Amino acid sequence: MTHLSVEMLAADAAEPITSAGHAQLGIAVLAGIAVIVLLITKFKLHAFLSLIIGSLVLGAVAGAPLDKAITSFSTGLGTTVAGTGVLIALGAVLGKLLADSGGADRIVDTILAKSGRRAMPWAMVLIAGIVGLPIFFEVGIVLLIPVVLLVAKRGNFSLMRIGIPALAGLSVMHGLIPPHPGPLVAIDAVGANLGITLALGVVVAIPTAIIAGPLFSRYAARWVDIRPPEKMLHASGETSDPQAERASDELAKRPGFGITVATVLLPVVMMLAKALVDIVVDNPEHMVQRVFDVVGSPLIALLTAVIVAMFTLGRAAGFTRGRIASTVEKSLAPIAGVLLIVGAGGGFKQTLVDAGVGQMILDVSKGWHLSTLLLAWLIAVAIRLATGSATVATISAAGLVAPLAAEMSTTHGALLVLAIGSGSLFFSHVNDAGFWLVKEYFGMDVGQTLKTWSVMETLISVVGIVCVLLLSLVL
């Protein structure tokens with residue numbers, strides 16, 4: 001993974017493309033974010049285009065020459081895509097192989113078969129955590145909704161009792177755990193250690209998912225006691241993909257539970273092994289550490305998992321070479337929009353940095369008696385509420401607070417990423433596509449969605465930052 005070093009960020013901030021004062025830079029930031037918010041929410045413009053326009057507005061209001069603002073945006077876009085684009089693509093391929101081979105179904109069926117009625121909400125958050133590790137939130141919802149609806153129907157559960165734990169598991173993974181786009185971009189922006197961020201992310205994710213999932217679902221089920229909508233039950237059993245239909249018919253060829261879980265967790269184990277060796281050996285010239293620096297790099301870890309998955313998932317499900325090639329090809333098309341938004345967000349972030357906004361925040365915050373981690377969370381919360389996008393909130397907040405990471409320890413740099421990720425999940429509402437996705441799938445009205453999904457997202461955000469602040473006291 002290509003990292004923007006702290007030295008590079010500091011150098012950029014030290015030689016800004018403008019000579020504007022703090023007040024003008026502050027107005028420029030507000031103007032840029034306001035333009036992005038208005039274009040996304042009121043004019044329904046795609047986030048990719050909105051971020052480009054917002055970046056140019058920010059540069060113009062800050063007094064930067066247009067050519068320099070364009071250069072800053074282009075540089076940020078290229079650096080972000082170079083650092084995270086390949087990883088997002090590899091994650092998409094792994095997720096598609098997991099889904100099409102029946103591996104995701106195998107995980108779901110096995111865990112449900114071993115769970116009693118009282119343990120079902122806990123089983124759902126476990127399923128969502130495992131399945132959601134390598135795949136995007138939206139894909140995870142599509143995979144798990146049929147399971148959620150069928151379990152609620154057959155077990156006579158309130159839909160919220162089963163659905164909220166599944167949504168919590170997916171959302172926590174999406175916001176806090178690499179290789180999801182938001183955490184990867186934040187790690188890149190602040191120069192954090194990926195392995196340590198991953199390890200601490202798991203520590204934060206477990207209690208967060210438990211509180212916002214199985215525990216909160218008890219109250220959500222009382223507030224909104226609904227049953228699975230019949231139209232979605234019928235729809236969940238249908239598919240327009242003939243290959244997917246054939247795969248679902250060949251249940252005997254589905255990969256085994258153990259090998260499926262091992263394949264999904266392989267890149268995580270490889271990256272955690274590198275983090276452990278870095279701590280134990282702590283010598284960049286040592287042969288063992290040099291080997292694990294390669295083995296545990298995100299690119300090699302995910303590439304290895306994809307190649308292994310072609311055999312343990314694809315071939316185990318009876319896929320031919322042509323079918324595997326087709327699956328890989330189909331996995332890449334849907335992520336084009338994600339890559340463009342992430343790249344444009346990186347361009348916006350670099351425009352912030354080059355305009356001197358990061359240094360401005362560094363200067364202004366010196367007089368504040370506010371934790372850097374809490375400041376990062378609050379910035380991410382504000383942008384999340386305004387834009388509705390967790391990814392945009394993560395990228396923008398990471399760009400704003402990146403200079404503050406210069407004097408942080410390795411562990412606190414990782415906690416900074418998790419603080420930003422937690423803030424990016426705060427109170428999903430009507431300007432968030434995920435809000436409408438959940439509303440439609442679960443057959444709720446806007447008020448019911450606010451009382452369940454929106455409150456759950458807020459719980460994840462608040463519990464997440466509390467866990468991060470507690471870890472900062474002991475690490």
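These numbers were taken from a predicted model, which means no experiment stands behind them. Both backbone and side-chain heavy atoms feed into the values below; hydrogens, waters and symmetry mates do not.
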Donor-acceptor pairs are to be reported for all side-chain atoms of residues 45-52 against protein atoms at under 3.5 Å, with residues two or more places apart or in another chain.
unit_1 : atom_1 : unit_2 : atom_2 : d
His46  : ND1    : Phe48  : N      : 3.0
Ser50  : OG     : Leu45  : O      : 3.4
Ser50  : OG     : His46  : O      : 3.0

#### Entry: Electrostatic pair Glu457:Arg384 at N-O distance under 4.0 angstrom
yes
Do you know the tightest heavy-atom contact between [X] and [Y]?
X      : Y      : value
Pro183 : His174 : CD-O, 3.6 Å
Ser171 : Met456 : CB-CE, 4.4 Å
Leu97  : Ala309 : CD1-CB, 3.9 Å
Pro267 : Leu94  : CG-CD2, 4.5 Å

### Task
Report the residues that fulfil side-chain hydrogen bond (donor to acceptor under 3.5 Å, both in side chains) with Arg315, sequence neighbours left out, ordered by chain and then residue number.
none
### Any donor-acceptor N/O pair, Ser424 side chain to Gly421 backbone, under 3.5 Å
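Pair found, side chain donor or acceptor close to backbone of Gly421.
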### Query
Excluding sequence neighbours, so at least two apart, what forms ring-ring contact (aromatic ring centres under 6.0 Å, His included) with Phe216?
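Once residues adjacent in sequence are excluded, the partners of Phe216 under the ring-ring contact (aromatic ring centres under 6.0 Å, His included) criterion are Trp223.
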### Query
How many angstroms lie between NZ in Lys274 and CZ in Phe292, if you round to the nearest 0.5 Å?
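So the NZ of Lys274 and the CZ of Phe292 are separated by 11.0 Å.
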### Message
Rounded at 0.5 Å granularity, tell me how far OG1 in Thr208 sits from CG in Leu176.
### Response
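Spacing of OG1 (Thr208) from CG (Leu176) equals 6.5 Å.
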Check side chain to side chain contact (heavy atoms under 4.5 Å, CB included) between [X] and all other residues, then give those that pass, not counting sequence neighbours.
X      : answer
Thr452 : Met160, Ile164, Ala220, Val224, Met444
Thr304 : Leu266, Met270, Ile300, Val308
Pro255 : Ser101, Ile259, Thr260, Leu313, Ala316, Ala317

### Query
Do Val148 and Phe442 come close enough that some side-chain heavy atom pair is under 4.5 Å?
yes
### Query
Checking Arg323 against Phe319: charged group under 6.0 Å from the ring centre and within 45 degrees of the axis?
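Yes, cation above the ring, under 6.0 Å and within 45°.
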### Message
Side chains of Thr351 and Ser72 only: does a donor on one sit below 3.5 Å from an acceptor on the other?
### Response
no
